[in-house]
Amino acid sequence: MRWLVWFVLAPQAFLLAGLAASFGVPLLDCGALVCMFCALFADVRLLPGLLLGAAVGRAMVDEASIPVQILVIGVPIALLLPMRPLFDRHHWWWQAMAAAMCSIAVPKLAGLGGLWFDQPSASAQLDFANVLFTAIAGPVLLWPLRRLPPLRALTEKLP
Amino acid sequence: MTTRNAFPVGLYATLLLALCWLLLPEVLRPVERFLLGVACLPQRALSVLGGAPAYALPREHLARLAQLESELRRRSTQNDVERVRPLMPAALEPMACAVLTASRRGGGGVPCELLLDRTYQDLAGCADLVTCGDVLLGFLAQPGIGPAAADLATDPARVLLLNHPDGRQVAASLPLAAGSTLRCVVGPASIVDPAPLRTTLHDDPYRAAAFAEGGVPLRTLALDAPWIGAMPSGLLLGTSRVWGYETGGETLTIGLFVELVHDPRALPQVVLWQSVPGSVPTRLQPERLPARAGPLPDQGGGRWLVQGSRSLPDGAAVVQDGVCLGTLRSVAFGQGLCTPFASSRHAWSLWLLPDDPELAPLGIYGEVVYASGATAWFRERGGFQGGGGGFVFTGSNGADCPPGLLLGRAEPDLARKTWRITVPALHGNQRVEVLSTRMSTEGR
């Protein structure tokens, strides 16, 4: 059931961020938000499914195909995941840092993906206003989202 | 956290799968189409709330659009034909053909094959020469022979450009400073060479080795031996490019290459020469599938969810009253995701109709580098050609996105060395047409 909810809601979240941006709200990088959740809070056994749902969502709002989106979102997760035990993931400061890093890495990787796989996209443009907004709003948004379905069922359970 | 959790196999396997997916995209394309199709279904249901579809252009503008298209064809044909007519045999009549795609890397790493909007069967009465202005581009392939071995007579005709590895070599002459000429044979260079064509068999190797001037035009040379194939004299092949080493202020030439006049990717139209007078040419036209487009709130300049009555083709143009909105990525359940021109970042072949009636239409190839709303800044590959403003149409962007569809209005941005292209800004649901390769014919 959690997967059904995830695959239904995750793609629509990307469109919702675009809709909010069309009303003048700064653009939240949903790809970076997913990266941050997967790297800091997700159950690592569930990462493939989480990644696929997010890649489908990003492919709806971006020119590049799903495999490029998997790499764009998955590579920052793979780099950040080993650092999970190194810092306190519940600390706001670290969450903001992770969100900022992801919102820089995602467009940069989209640019590289476009270059290497001949699938350029408009999302490769790095906007520091969006990086700042994602760094601030990302942890704030993620706090309630982690407590709601489907993310609640996909979060790592600590012993 | 255990080491196993820090380096999860599942994540790495997914990344590896993505790489394999990119290497073999056709294998997993149905999966991608299905996943995106399912993800689009909620938006499809929501698009009903967007109201009745609207048209992009007021009706009074349609006549103006038809006039622009007619002017584009007339001026292109005039420019592509008139300069070369005195060089061609009087018995041959010109026939302008639109280019659908430029493909396969040839000499110099640039495309070496063109696909035309006419079949081999319809071009049976044509000479094999293919020109554009006074430039010889290449030769018409024969179905079932050589590079066109898999083609049937009813397939779109293929042109082998001069830089095609299996293409014909031509005799050429190169004017030298002293008033004499250097004769040689021009043929395809290799993919890694600095230019698409290379000269060989110079009639005077010593003068060829001493030649160090770039940008000198090479023209065809008529031969007396008719079994080689009739070749008019004076057709432009390209311009010289000397490749070598600097040795004490002098150039040690190791290759005399030829740069093409036209980038094959920027060619929207070519001219063939038919020997059957008065023959009415047949033009292949994609079928137009009626569809409905609803806006998707993406994070860039807006995308469209297109819904058709049946499966929509990948890469097809989405057209509204003759205006091209963008190209389509096909997904499941008769849906497609349309990326508008301004939001796209892939390369486009465009056809510019300058406002100045004395100027010939211009083929340009490049990509959008920046967009703000309905305005896109388009950078040409190979350098900004400049010139006056005008209306911009599609060039050769694939069989489902044929040349001659209006995109918008272009003005040169001299500060950024780009074209500033303004496209129609649309809001709400739209009634559109999707072009499909299921060919129908006109002009029979």
Can you say whether A/A39 sits under 4.5 Å from chain B via the side chain, the backbone, both, or neither, judging by heavy atoms? neither
Which region of A/S123, side chain (C-beta onward) or backbone (N, CA, C, O), has a non-hydrogen atom less than 4.5 Å from a non-hydrogen atom of chain B, or is it both or neither? neither
Pair B/W377, B/D413: side-chain N/O donor-acceptor within cut-off below 3.5 Å: yes
Check whether A/Q125 gets within reach of chain B through its side chain, its backbone, both or neither, counting any heavy atom under 4.5 Å. side chain
Option in B/G10, B/A39, B/P42 with maximal non-hydrogen atom pairs under 4.5 Å from chain A: B/A39
What about B/Y365 and B/W348, are their ring centers closer than 6.0 Å? no
If we count only N and O atoms by modelled type, under 3.5 Å, do the side chains of B/E411 and B/W419 hold a donor and an acceptor together? no
Taking every non-hydrogen pair under 4.5 Å, which of A/A78, A/G49, A/C38, A/A124 racks up the most with chain B? A/A78
Regarding B/S349 and B/N397, is there a side-chain donor-to-acceptor distance under 3.5 Å anywhere? no
With no hydrogens and no angle check, just 3.5 Å: does a side-chain donor-acceptor pair link A/E63 and B/S344? no
Heavy-atom distances under 4.5 Å only: say whether A/I70 touches chain B with side chain, backbone, both or neither. both
Sort B/C20 into side chain, backbone, both or neither according to what part of it lies under 4.5 angstrom from a heavy atom of chain A. neither
One option among B/L22, B/L11, B/T14 has the most heavy-atom pairs under 4.5 Å with chain A, and it is B/L22
When the 4.5 angstrom heavy-atom criterion is applied to A/P11 and chain B, the contacting part is side chain
Which bit of A/L52 is near chain B, if near means a heavy-atom gap under 4.5 Å: side chain, backbone, both or neither? side chain
Checking side-chain polar atoms at under 3.5 Å, does B/R329 have a donor or acceptor matched by the opposite partner on B/T339? no
Would you say the ring centroid of A/F41 lies under 6.0 angstrom from that of A/H90? yes
Top contributor to chain B contacts, counting heavy-atom pairs under 4.5 Å, from A/S22, A/A59, A/A10: A/A59
With A/D29 as partner, the option from A/V106, A/N130, A/V34 fulfilling side chain to side chain contact (heavy atoms under 4.5 Å, CB included) is A/V106
